[in-house]
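Below: one structure, written as structure tokens.
Chain A is the first sequence line, chain B the second, and so forth, proteins listed ahead of strands; every chain is numbered from 1.
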There are 2 protein chains.
Amino acid sequence: MGERKSADRKDQIAKVASEYFHEKGYMAVSMRDLAKEVGIEAASFYNHFDSKASILKEICFRMADEFFTGLNEALSEHNSPSEQLKAIIRKHIEVVLKNFSASAVFFREWRHLSEPWLQQFLELRRRYEEQVRQVLNRGMASGAFRKADQHVMVYALFSLINGLHEWPDVQRHFSAAEIADRIASLFLEGISNASAQKS
Amino acid sequence: MGERKSADRKDQIAKVASEYFHEKGYMAVSMRDLAKEVGIEAASFYNHFDSKASILKEICFRMADEFFTGLNEALSEHNSPSEQLKAIIRKHIEVVLKNFSASAVFFREWRHLSEPWLQQFLELRRRYEEQVRQVLNRGMASGAFRKADQHVMVYALFSLINGLHEWPDVQRHFSAAEIADRIASLFLEGISNASAQKS
DNA sequence: CCTACCGATCGGTAGG
DNA sequence: CCTACCGATCGGTAGG
């Protein structure tokens, strides 16, 4: 099957590109760099992708898909805001660690997306953010969460769960479940000792 | 004084470069882009900097200096681990917001530093990290902080305070003091309501 | 600080 | 999937 073979090659290119874009950054990687690693000539890429830009697009939108799948599962499998929040954190971190290079590219290199993909990408991020915000708002309304500025709350959460690829050796030291538990616990309860908390 | 004029021009270049590198990324900005904005020819840069790489070096190491100054002030002005921690967060966020573009370049573009600057930069980050880790360890030892994995604790903290430039419109919405207070409170106490905390 | 220029490399195309 | 090639642009230098 020619199509099957072609899809394999396309996946291989996407995988190699994820690793190179992660390591060196999108702009610092040339088609010839990728070609060498894949074992073909640079010109042959254009049988699989329209352009260098479309490789980046593929990586970013695949990851967006993964994140949304995780989010939807987290929301449908739980009801209370705090259970939903923990599940969101768990699913999100699983997706990050299972696709470490691609997710790093997703978080770091999306700025180099060409139009109209850039606008579409930003719209997806807004939608994801909005769904998480609603969980936090429901938690504040129900009294499960401390009342706080929702801006700070939601972006602090994103900083925590999107900053993982900057952690040195994160993949060697921890499983997804461990990190998720500890980050969820930190976000919910902080690092202060309860007995020492009221000064 | 020729030297005074030259230093002004050098600062102007560094400032313009910070903004461009922040907006487009180091690799996506050409010397000719910068030249146009500064109002000189590309070749004239080499009277002020040895290379494109040395502009990035200048930005990153200037920021490293700022962060260390803030850290040292925080440590010397306070004694208890939790007061030191709050001061570290406050100083760090002040530095980020006061040098928004340059700090974004510091956090995002350091990978493009050339040797030996890259190694030296990583060494500085290790030293900063180590000092923060010691504050957290002292706080755990004294009972001020909950006992937790120090890796998770320190990198979660860095994610929180280094992820600020990804927050949309952070500069428009908040003052440094507001953000610092809220992030410190979140990191120390979490978002759970104390009354709902023990399930 | 400018003009004039260098070799290298870029993303991409034509044609097979 | 390859060979052969394109125009554009890159960081940087020589010489004034």
Side-chain angles (χ1 to χ4, degrees), chain A residues 1-21 23-60 105 109-118, chain B residues 1-21 23-60 105 109-118:
Chain A
M1 319 275 125
E3 285 186 7
R4 177 58 197 281
K5 255 176 87 178
S6 183
D8 285 354
R9 182 64 97 182
K10 197 173 179 180
D11 283 346
Q12 184 200 5
I13 293 171
K15 195 184 157 215
V16 167
S18 295
E19 287 159 7
Y20 269 61
F21 292 168
E23 192 187 344
K24 297 168 185 288
Y26 173 75
M27 291 299 292
V29 174
S30 74
M31 296 302 262
R32 287 158 180 86
D33 292 334
L34 295 179
K36 203 174 207 175
E37 180 72 18
V38 173
I40 60 178
E41 292 301 315
S44 303
F45 276 112
Y46 296 88
N47 292 300
H48 303 285
F49 289 94
D50 289 342
S51 60
K52 187 188 178 190
S54 74
I55 305 179
L56 180 63
K57 183 206 81 181
E58 178 91 3
I59 295 169
C60 289
V105 172
E109 306 295 331
W110 60 266
R111 271 166 259 265
H112 297 108
L113 248 16
S114 50
E115 300 294 0
W117 309 115
L118 180 57
Chain B
M1 317 279 123
E3 285 184 8
R4 177 57 196 284
K5 256 176 85 179
S6 184
D8 285 353
R9 182 64 99 184
K10 196 172 179 180
D11 283 346
Q12 184 199 4
I13 293 172
K15 195 184 157 215
V16 167
S18 295
E19 286 159 8
Y20 269 61
F21 292 168
E23 192 187 342
K24 297 170 185 288
Y26 173 75
M27 290 298 293
V29 174
S30 73
M31 295 302 263
R32 286 157 180 87
D33 292 334
L34 295 180
K36 203 175 206 177
E37 180 71 19
V38 173
I40 59 177
E41 291 301 315
S44 303
F45 276 111
Y46 297 88
N47 291 301
H48 303 285
F49 290 94
D50 290 342
S51 60
K52 186 187 178 191
S54 74
I55 304 178
L56 181 62
K57 182 206 81 180
E58 178 91 2
I59 295 169
C60 288
V105 172
E109 306 296 331
W110 60 266
R111 271 166 259 269
H112 297 109
L113 249 17
S114 51
E115 300 293 359
W117 309 114
L118 181 56

For [X] and [N], what is the distance between atoms [atom1] and [atom2] respectively, to the nearest whole Å?
{"X": "Phe21(A)", "N": "dG11(C)", "atom1": "CZ", "atom2": "P", "value": "9 Å"}
{"X": "Asp8(B)", "N": "dC1(C)", "atom1": "CG", "atom2": "C1'", "value": "16 Å"}
{"X": "Asp50(A)", "N": "dG12(C)", "atom1": "CG", "atom2": "P", "value": "9 Å"}
{"X": "Lys52(B)", "N": "dG12(D)", "atom1": "NZ", "atom2": "P", "value": "8 Å"}
{"X": "Tyr46(B)", "N": "dC10(D)", "atom1": "OH", "atom2": "P", "value": "11 Å"}
{"X": "Leu34(B)", "N": "dT9(D)", "atom1": "CG", "atom2": "P", "value": "16 Å"}
{"X": "Asp33(A)", "N": "dA8(C)", "atom1": "CG", "atom2": "C1'", "value": "14 Å"}
{"X": "Met31(A)", "N": "dC6(D)", "atom1": "CE", "atom2": "C1'", "value": "16 Å"}

Partner of dG12(D) by Watson-Crick or G-U wobble geometry, both contacts under 3.5 Å, or none? dC5(C)
CG on Asp50(A) to CD1 on Ile55(A), rounded to 0.5 Å: 10.0 Å
Check against side-chain contact (heavy atoms from CB on, under 4.5 Å), Ile40(A) and Arg9(A): CA-CA 10 Å; Ile40(A) 60 178; Arg9(A) 182 64 97 182; 3.6 Å; yes
Is Val29(B) touching bases, backbone alone, or none of the nucleic acid, heavy atoms closer than 4.0 Å? sugar-phosphate
How far apart are the C-alpha atoms of Leu56(A) and Trp117(A), what are their side-chain angles, what is the distance that settles it, and do they pass the side-chain contact (heavy atoms from CB on, under 4.5 Å) test? CA-CA 10 Å; Leu56(A) 180 63; Trp117(A) 309 115; over 6 Å; no
Taking side chain to side chain contact (heavy atoms under 4.5 Å, CB included) as the criterion, tell me which of Lys10(B), Lys57(B), Met31(B) meets it with Phe49(B). Lys10(B)
What's the closest nucleotide to the side chain of His48(A) if the choices are dC10(C), dC1(D), dC1(C)? dC1(D)
By nearest atom, which of the nucleotides dC1(D), dC10(D), dG12(C) is closest to the Arg32(B) side chain? dC10(D)
Compare side-chain N and O positions of Ser30(A) against OP1 and OP2 of dC10(C) and report whether any pair is under 4.0 Å apart. yes
Any side-chain N or O of Ser51(B) less than 4.0 Å from the OP1 or OP2 oxygen of dG11(D)? no
When you measure from the centre of the six-membered ring of Tyr26(B), is the NZ or CZ of Lys52(B) closer than 6.0 Å and no more than 45° off the axis? yes
After noting the C-alpha distance and the side-chain angles of Leu118(A) and Glu115(A), does the key distance pass the side-chain contact (heavy atoms from CB on, under 4.5 Å) rule? CA-CA 5 Å; Leu118(A) 180 57; Glu115(A) 300 294 0; 3.6 Å; yes
What are the atom names and distances for every N/O pair under 3.5 Å that joins the protein to nucleotides 2-4 of chain D?
from   : atom 1 : to       : atom 2 : distance (Å)
dC2(D) : OP2    : Glu41(A) : N      : 2.7
dC2(D) : OP2    : Ser44(A) : OG     : 2.6

Using side-chain contact (heavy atoms from CB on, under 4.5 Å), reason through Leu34(B) and Glu37(B) one step at a time and then give a plain yes or no. CA-CA 5 Å; Leu34(B) 295 180; Glu37(B) 180 71 19; 5.9 Å; no
